[in-house]
Engineer: 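Structure provided below as structure tokens; questions to follow.
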Amino acid sequence: MRLKRFMKKYKLEIAMFMPIVLYIAYFTIVPIINTVSLSFQNPRGSGLTLGNYTAIFNNINFNAALFNTLFITLIGIVLQLSIAIVVALILKQKFKGRGFFRTMMLIPMGVPTLVSGVTLLFIFGQTGYFNEMLLRLGLIENQNFWLGGGIDTLFVIIFADMWKVLPLTILLLLAGLEAISDDVYEASSLDGANRWETFWNITLPLLKPSITMAIILRAIDAFRIFELPLVMAGRNAPVLSTFSFEEFRRNNFEMAGAAASILLVIILIFITLYILLVEMKKFKGGKAQ
Amino acid sequence: MRDNKLLKYTSYALLLAFTFAMIFPVYILFKVSLSSPEEVMTDRPTFTIQQPTLQHWQNILLTDKTTDTGQAIYEVASGEYTLSNEEGEEATFGEGESLTVNGVTRNVRSLDVEGKQIQVSLEDLQVFREELTTSKTMFGAVTMNNLYMPLLKSLMVACLTTVVAIIIAAPASYVISRMPRMIAYAVVLALLVTRMFPDVGIALPIATRFISWGFIDSTFGLVLAHLIPNLPFLAWILVGTFMMIPKDLEESAMVDGGSRITALVRIVFPVAMPGIAVGAIFVWLNSWNEFIFARYLSTESGTLPLRIYEVITNGSIFPAAAYSMILTIPVIFITFLLQRYLKSGMLSGAVKG
């Protein structure tokens, strides 16, 4: 009865709200469940099996993909965060031309990921502009083949990803920095702290919420990386997403499902971390929405 | 004081180096699209544009040849597929078996058998072509100059996605904004979380579903797919907009004798219009850039990003540069225009293009 009254009272609201709920249920939740159940299906015959997972962990390409994904995420985040903090600290200072630098810094954000892959392919190709620059500076004598696979290629992909997302990471940290009140710094300089001590004992702890948020959101995106490895290295540098895609293209749907499920589990871990470490904190701080 | 000066100069130097790294790739893209082949297709490329040429732009803008879909005919002989091209090169493999070429294994069951001939899509063709590296000309040349069909498809998909997203997400986000605070918070968080799921995990069953529905290559199918990340994205943006509209406003409209719906249509939505417009532009941009769903759901008629991918994997770098410029221009323009609306939550999966 209660439900009926509720439905009657809020029928307009329900009519306005249900389409998006149904859409997400049918086109996001159901597919995710399908992918997971697909990964337990026997490709030849019926019934559930763990065979796809044993097969996938014996697959050299998959192991390479898993390693590459973890490497790109871990190293990528460490590098991105370090550079972003330095640049954000510099941009926080008041100096001539700050507005110019801030605007220029946004440029990569206006370049679609796919295009940034194409562009960095021009730069890191064997007869590309990076090799040419190194040659002219006399740092190398022969052109390096950066995109043939291996750690070199992973670093190029990390660079490409970093190039694309640094602007947003810097903006996020900059917002965090600007929220720190000047009083704190004044107090610290009165106490005779030097720059390094101030950074280590004041700035970094106060910036921690922004850093946590940046790390988790970046990790989620880095695990899902798709376009850049695909465009820049193709099969030379598989990652979890591209591995799953290649299996899909070969009609090995079950294997594609298993790879996607593994990726999903990793991402769910980070989503949980995000909710616990970022959203719950925010909520306790009374700043929800 | 000397310490201060040193720090200042290091900061400037770092900032200059950083800014250079941010701008340089865009300059290279621009440069390649305007350079004569001799400056680029060489062991020692030049950094400046020495002989600017509009040739590549003319090639993609003016000579819009239709693409040879490159459909290859496979002969079926005694349960074996034979792949051949005009030059008489052949490759043979059995049905239901795996074909291993150059260390890469492919399952043959992906081919459709129609009578005695099998036609494969351009997509499959390219995969084979990549694998049979010893005979790259296996399937004949594919003409590369084709801008307008993908451009039109990209425009249509992006615009339709935007319109439908507004129609579905705007009313929903209004309702969310009027829910009790705790529930609204949970719903918004749920919206954010759905955008964090891996695209490949969603696209895989969607693609198999769309194959059976016949939605592969269709504009409508791609719009449906692009709504998946963009509905929660737009709703997430708009909840904030509606929350800022005071409840009194709609209540006073209802006191004046209007119904609930008229209050919404006449008062609430018009007031929210600027916010809706900003959200809509971001949605348009997301769809314009989108690559993963398009790649899963297209075989022959692709969007502009797919076109770029196709061109670059074929090694045609000049058209790739020019196409890339066309894809990039609206994005750069809009990003600068709307930079003050960028939110930190967009770090994940939203305006990353």
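These numbers come from a predicted model, not from an experiment. Here is how names work: the chains are called A, B, and so on, in the same order as the sequence lines, proteins then strands, and each is numbered from 1.
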Engineer: Heavy-atom distances under 4.5 Å only: say whether R209(B) touches chain A with side chain, backbone, both or neither.
Structural biologist: side chain
Engineer: Let's test your reading of the structure: which of L227(B), I308(B), T194(B) forms the most heavy-atom pairs below 4.5 Å with chain A?
Structural biologist: L227(B)
Engineer: Flag the pair F159(A) / F124(A) as yes when their ring centroid distance falls below 6.0 Å, and as no otherwise.
Structural biologist: yes
Engineer: Let me know if I334(B) has heavy atoms under 4.5 Å from chain A in its side chain, its backbone, both or neither.
Structural biologist: neither
Engineer: After noting the C-alpha distance and the side-chain angles of F101(A) and F18(B), does the key distance pass the ring pair (Phe, Tyr, Trp, His ring centres under 6.0 Å) rule?
Structural biologist: CA-CA 9 Å; F101(A) 283 118; F18(B) 175 77; 9.3 Å; no
Engineer: Side chain, backbone, both or neither: which part of F333(B) has a non-hydrogen atom closer than 4.5 Å to chain A?
Structural biologist: neither
Engineer: Are the charged groups of E246(A) and R249(A) less than 4.0 angstrom apart, N to O?
Structural biologist: no
Engineer: Check each atom of V32(B) against the heavy atoms of chain A and say whether the ones under 4.5 Å are side chain, backbone, both or neither.
Structural biologist: side chain
Engineer: Checking L14(B) against chain A: side chain, backbone, both or neither under 4.5 Å from a heavy atom?
Structural biologist: side chain
Engineer: May I ask you to name which of I168(B), L191(B), V187(B) has the most heavy-atom pairs under 4.5 Å with chain A?
Structural biologist: I168(B)
Engineer: With only heavy atoms counted, which part of M325(B) is less than 4.5 Å from chain A, the side chain, the backbone, both or neither?
Structural biologist: neither
Engineer: Below 4.5 Å from any heavy atom of chain B, which atoms of L120(A) appear? Answer side chain, backbone, both or neither.
Structural biologist: side chain
Engineer: Pick one of side chain, backbone, both or neither for V331(B), based on which atoms fall under 4.5 Å of a heavy atom in chain A.
Structural biologist: both
